[in-house]
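Only this structure's heavy atoms are used, side chains among them; waters, hydrogens and symmetry mates stay out. The structure displayed is predicted, hence computed values, not measured ones. Numbers restart at 1 for each chain; the letters A, B, ... are given by sequence-line order, proteins then strands.
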Amino acid sequence: VSTVVQPTGAWSGVGFAHEAFVFGSDEEAIARCLPFVEEGLERDEQVIVLAGEAVRQALVDQLGGDVARLACLSPAESWWQGGYASLHAFDRDLQGLLATGRPWRLIDEPTWMATPDGEIWSRFESVTNRCYAELPCYCLCLHDTRRFRPRLIDAALRTHPLTWGGSEPVPSAAYVETGSYLRSVEPDWTPRPRRAHTRTVTSPAEARRVIRDLAGGAADGTLEENVVVAVNELVTNALAAAGSAEVSSWTSDGSMVWEVADQGPGMHDVTAGYVPPSDDLDSGRGLWLARNMADDASVRPEGPGTAIRLYFHR
Amino acid sequence: VAVFRTLERPTGLGPGDHVCWAFDEEHPFAPVAARFLAEGGRRGERLCFVADGDVGTLEGQLRAIPGREAWLESGQLTILPLAGLYDIGDCLDPLSQIEVFRKEASAALDQGFTGLRCAADLTSLAKDPAGWPHLRAYELAVDAMLATSPATCMCGYDGERVTATRLRPLAALHGQQHPCDGRGTFAVSVGPDVAALLGEVDRACAADLGEVFAAVEDAVTGPMTLDLAGLGFLDIGSCRVLAEFSETMLQTGRPVRFTGVQPAARRCLELFELDLT
């Protein structure tokens with residue numbers, strides 16, 4: 001009895017679908033991708049393929065002249081610019097796709113996740129579920145067990161709501177909601193150590209003097225400037241919310257930790273600053289930039305006011 | 001080369017320097033102007049003092065200048081009531097005023113002086129809101145003129161009669177500043193080929209920065225380059241002002257190219273898709 005394959009299940013071009021396809025051979029990948037692409041072309045959707053050599057070659061061989069109908073067929077690696085920059089570029093591309101008024105489907109093979117700085121991409125995979133929920137897009141992410149360590153495969157299944165059931169996409173049993181996932185991979189929010197240096201500031205200029213004073217000698221020039229820019233943005237937000245800000249700094253496990261706290265209305269959204277800013281000049285970019293410049297960050301999950309920490313590896 | 005620095009004293013200045021000196025009742029302008037002019041007099045510069053009041057009163061205000069009588073008698077020191085120099089009843093005409101200034105500086109050299117040094121209390125010009133755009137344009141033009149003329153200029157503004165929100169952007173059109181509230185953090189200079197933003201800018205001074213770039217927008221007629229090499233810090237809030245300025249300029253056929261962008265500043269500016277080189 002043959003099983004009817006439904007490459008996108010019940011997805012009909014409305015809303016965001018996000019699947020992690022885990023495979024161990026080129027044949028498996030091709031068997032998943034080819035019908036996915038063909039269905040997209042049949043539905044006259046925009047089809048984008050950012051994948052490894054095997055999948056791309058198979059599509060060229062199998063699609064014949066239809067390969068020209070793909071909106072994009074490129075090596076996945078060509079697209080990686082680091083976590084924040086890649087998501088920002090991805091976001092800008094999405095705006096262009098959205099403007100066409102047609103749904104689209106994407107094959108994405110994040111080969112860069114196997115590199116030391118690529119692992120952070122799993123966080124953005126998780127964030128897309130929340131920030132792109134309304135986009136008319138099916139995103140099929142390929143994860144090769146020959147390339148990725150088990151914990152990356154585990155991360156993929158935790159950050160993608162869908163996985164492949166053999167004939168259609170099915171819910172991923174390991175999936176966790178975006179906020180919970182981010183909390184699980186960001187540094188734990190522990191009490192501020194007694195050795196921390198803490199100052200209260202009421203203006204950005206005063207904050208920069210404090211930051212340079214506290215960072216002086218603890219960081220080289222470039223790192224210090226990155227710290228100044230990033231922490232200044234947190235202070236600016238805190239001043240807007242509360243009129244004053246508490247800046248603290250300490251070292252922990254080889255990292256400089258900077259905390260900015262205020263007594264304002266309070267913001268505990270763990271995804272804040274993960275979502276790319278829009279091109280609208282008024283949209284917030286400060287926390288996005290701060291996260292981008294730091295090696296890691298975390299938002300205090302509860303309590304009065306807001307407190308955010310940035311981590312810089314030395 | 002455009003510079004920015006804050007001043008504690010009105011001395012140590014020379015040709016090309018454009019000083020904004022904010023004063024108040026406790027620390028009035030005339031004694032400051034006297035020290036400023038005395039330094040120029042010792043260097044053989046022709047001196048000019050401009051303020052509200054009649055000549056006799058203004059002469060009296062400069063009594064602290066050693067050798068004042070001799071300088072007045074020889075013509076090295078000139079005292080001019082503000083009302084006689086600027087037609088305060090009307091809006092200031094920046095370009096014609098600048099031309100007068102430039103000719104005076106050139107004439108000073110012809111007369112054997114080493115340059116022209118002018119201290120002017122311009123508070124009265126800043127009182128009328130209708131005249132602010134003209135005053136901004138004037139200050140920008142003075143700054144540009146000083147880059148090529150053998151002149152030193154100190155503009156005094158009474159911080160108790162000119163609101164801080166007006167005074168701060170005016171001060172930012174001067175490379176040397178004595179701010180009355182300690183908040184002078186940046187300056188803008190507009191030359192014939194390139195404008196420069198100097199110092200540090202952040203969200204706290206974003207409104208001032210917007211005022212300053214409104215003046216630049218009025219003054220620049222074609223494509224322009226904005227040099228950020230002398231900018232020690234900028235944040236997202238100030239980048240937003242630069243992006244708005246750039247967008248407005250582009251819409252009016254005057255694209256802005258940013259040069260001298262330091263690495264940390266680049267990280268901010270890149271979020272606004274500006275033309276960075």
>> Looking at A/R285 and B/L271, would you say the former's side chain and the latter's main chain have a donor-acceptor pair under 3.5 Å?
In response: yes
> So how far is it from A/L239 CG to B/R203 CZ, rounded to the nearest 0.5 Å?
Replying inline: 8.5 Å
>> Heavy-atom count check: over 12 atoms from other residues, nucleotides or ligands less than 6.0 Å from A/R102 CZ?
In response: yes
>> Between A/V229 and B/D235, does the side chain to side chain contact (heavy atoms under 4.5 Å, CB included) criterion hold? Intermediate values first, please.
In response: CA-CA 7 Å; A/V229 170; B/D235 68 353; over 6 Å; no
> Is the number of heavy atoms from other residues, nucleotides or ligands within 6.0 Å of NE2 (A/H197) greater than 12?
Replying inline: no
>> Checking B/E200 against A/R212 for the salt bridge (Lys or Arg N to Asp or Glu O under 4.0 Å) test, could you report, in this order, the C-alpha distance in whole Å, the side-chain angles of both residues, the deciding distance, and whether it holds?
In response: CA-CA 14 Å; B/E200 295 198 351; A/R212 286 176 176 135; 3.1 Å; yes
> So do the side chains of A/T222 and B/P263 get within less than 4.5 Å of each other, counting heavy atoms only?
Replying inline: no
> Taking atom CG of A/L289 and atom CZ of B/R267, what is their separation to the nearest 0.5 Å?
Replying inline: 7.0 Å
> Are any side-chain N or O atoms of A/E233 and backbone N or O atoms of B/I236, one a donor and one an acceptor, separated by less than 3.5 Å?
Replying inline: yes
> If you take all heavy atoms of A/P204 and B/D202, which pair is closest and at what distance?
Replying inline: CB-OD2, 3.4 Å
> For B/Q251, does the CD atom sit with more than 12 other heavy atoms under 6.0 Å from it, leaving out its own atoms?
Replying inline: yes
> Which atoms of B/E270 come close to chain A, meaning under 4.5 Å heavy atom to heavy atom: side chain ones, backbone ones, both, or neither?
Replying inline: backbone
